[in-house]
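Take a look at the structure set out below.
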Amino acid sequence: RGRSYCHNLGAWYTPDVKVTKEKIPESQIVLTIEVPQERLEGALDSAYRKLARRAKIPGFRPGKAPRALVERHYGRETLIDEALDSLVPQVYREALERDQEIEPIDLPRLSVETVEPLVIKATIPVKPTVELGDYRSVRVERPAVEVDPEQVDRTLEDLRRRYATLEPVERPVQWGDVVRADLRAEVNGRTLFDEEDAEFKLVEGRAVTLPGFEERVLGATKGAILEFDLTAPEDISDKRVAGKPCHYRVAIKEVKEEVLPELNDDFAREVGEGFPSLQALRERIEADIRAGEEARAAREHQDRILDALLQQATIEYPPVLLDREIERLIRDHLGPNTDREDFERYLERIGKTEEEFLAELRPIADERVRRSLVLTAVAEAEHLDVTDAEIDAEIQRLVSSAPEWRAAELHELFGSEPGRRSLRNSLLTRKTLERLEAIASGLAEPADAAAGAGASESES
């Protein structure tokens, strides 16, 4: 079919349809498609034949009733709906095929503006646009890392508690004791939980779900049965009990005291893979804390760099990307197999409407989308890429560091096309963040040299 394009009007004409194109904000294009009446009549005729085959009209075999009778039987609205179900996506595809400049990144939003004459609007999400500005001028200082000796001492105390023994005592409950008891809790006569031989440790100063519970148990002895009421805080996550009085019954069966091992060379030899001395253990703990702090500082540095880039960047993206990210956040929060009923139960539990919950997620999702788009733009500007050899090396690293029983599973997972694509994205993000850190620290090579190196890297 031939076509002629009217540059001044921004529209093209074919023997079938007239299409007008308009670019609108948020990286979207609207096609207004005007369909000739004869095209609609053809679709209505096809819809009539389809409906006639299943229509039960007295005096006519299936498929033989006249169109007027079928239309009267089903109603003209039904006939039109049937016709549009096939005609609308058909004319959209035709319009898209005739404008090769449009590259949709997702399905369009199709709407029928009028039926007679038939006018269809297709709102099409297209590739986002990102203008980074002078990103190579961004400078962000990396925070210094220091290890406080008290952190090492606290870690050693945690290790002592991990290797502590519990010994039964015949005395009242004190802070630090482990209590074994039958627990029962009710709210307005409804049982919240009923557990036998529950064990819990009383830790002074720890934030607990129901403040005051541990204080009620302090001073009790083996064999005691405690009954008391506590009012749940208003901000508790379980809205079924928020602000309501909870009745507790605690039957204490045993009180155990935590006995810590002495902090000496013998203890160091028992910890983990074993250390020759307490000093060697302290040095290992300090090195581990330093590594963790370095990783935290790197993440903080990267976040501040991205914040600086976002402030100067101009970003436009279609709403569908935000919707996808919100869905991803929900799956991350509630689990990948969450269905509609699970989601509604969760909303009921937290006492929020769907609109309120989604409103909270929207700014988080927007931030994640913008950061991802900026990282993608930087990777393109810096000509960064990931080779197959780098993906293979990463698979080998992951497999070698995993337990033996998981090796075959990981090989299968990352050997698949989706698995390799996921690894590639992860490695490219890591490369891009490392390049941004070098740029923000003033350590990156000049832009031209980086582009040349990146191009060579991509070609290898």
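The residues of the chain are indexed from 1 along the displayed sequence. This one's a predicted model, so the numbers in the text were calculated from it and none came from an experiment.
- The aromatic rings of His333 and Phe357 sit tilted, their planes meeting at an angle between 30° and 60°.
- Taking a cutoff of 4.0 Å between a charged side-chain nitrogen and a carboxylate oxygen, Asp45 and Arg49 qualify as a salt bridge.
- Asp182 has no carboxylate O lying under 4.0 Å from a charged side-chain N of Arg249, or vice versa, which leaves the two without a salt bridge.
- Under 4.0 Å is where a charged nitrogen must lie from a carboxylate oxygen, and between Lys244 and Asp229 no such pair does.
- Between the side chain of Thr376 and the backbone N or O of Ser372 there is at least one donor-acceptor pair closer than 3.5 Å.
- Contact check on Glu97 versus Arg93 returns no salt bridge, with no Lys/Arg side-chain nitrogen under 4.0 Å from an Asp/Glu carboxylate oxygen.
- Proximity of Val19 to Glu94: side-chain heavy atoms (C-beta onward) are nowhere separated by under 4.5 Å.
- With Asp366 as reference, Leu322 is the one residue of Leu322, Leu361, Ile326 to meet the side-chain contact (heavy atoms from CB on, under 4.5 Å) rule.
- Within the 4.5 Å cutoff, no side-chain heavy atoms of Lys127 are placed close to those of Glu103.
- At least one side-chain heavy atom of Leu384 sits less than 4.5 Å from a side-chain heavy atom of Leu428.
- With Leu87 as the fixed residue, the side-chain contact (heavy atoms from CB on, under 4.5 Å) test singles out one of Leu44, Leu118, Ile120: Leu118.
- Summarising the geometry, atom CD belonging to Gln37 is positioned 5.0 Å from atom CG belonging to Leu40; distances are rounded to the nearest 0.5 Å.
- Side-chain contact between Tyr248 and Leu183 is absent, with no heavy-atom pair separated by less than 4.5 Å.
- Between Asp307 and Arg304 there is no salt bridge, since no side-chain N of the basic residue sits under 4.0 Å from a carboxylate O of the acidic one.
- Under 4.0 Å is where a charged nitrogen must lie from a carboxylate oxygen, and between Glu325 and Arg370 no such pair does.
- For the pair Thr32 and Glu22, the minimum side-chain heavy-atom distance is 4.5 Å or more.
- At a threshold of 4.5 Å between non-hydrogen side-chain atoms, the residues Glu294 and Arg142 count as touching.
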Using the rule given for side-chain contact (heavy atoms from CB on, under 4.5 Å), can you reason through Leu433 versus Leu375, listing the C-alpha separation, both sets of side-chain angles and the distance that settles it, and then say yes or no? CA-CA 8 Å; Leu433 287 169; Leu375 284 171; 3.8 Å; yes
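- In this structure, CG on Leu31 lies 7.0 Å from CG on Leu96, to the nearest 0.5 angstrom.
- The environment of NZ in Lys50 is sparse: at most 12 heavy-atom neighbours from other residues, nucleotides or ligands sit within 6.0 Å.
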side-chain hydrogen bond (donor to acceptor under 3.5 Å, both in side chains) between Glu113 and Ser111, worked out: CA-CA 6 Å; Glu113 300 298 294; Ser111 63; 3.0 Å; yes
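- The two residues Pro125 and Pro108 have their closest heavy-atom pair at CD-CA, 4.2 Å.
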For the pair Asp342 and Leu334, evaluate side-chain contact (heavy atoms from CB on, under 4.5 Å) and give the outcome as yes or no after the intermediate values. CA-CA 8 Å; Asp342 295 331; Leu334 300 180; 6.0 Å; no
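- Ion pairing of Arg154 with Glu157 is absent here, as no side-chain N (NZ or NE/NH1/NH2) approaches a carboxylate O to less than 4.0 Å.
- Note on Glu26 versus Arg109: no salt bridge recorded, every NZ/NE/NH1/NH2 to OD/OE distance being 4.0 Å or above.
- Between Leu347 and Glu356 the shortest side-chain heavy-atom distance does not fall below 4.5 Å.
- In summary, Arg290 and Glu293 do not engage in a salt bridge, as defined by a charged side-chain N under 4.0 Å from a carboxylate O.
- For Glu196, the CD atom counts as loosely surrounded, since its 6.0 Å shell holds 12 or fewer non-hydrogen atoms of other residues, nucleotides or ligands.
- Remark: Arg371 engages Glu367 in a salt bridge, criterion side-chain N to carboxylate O under 4.0 Å.
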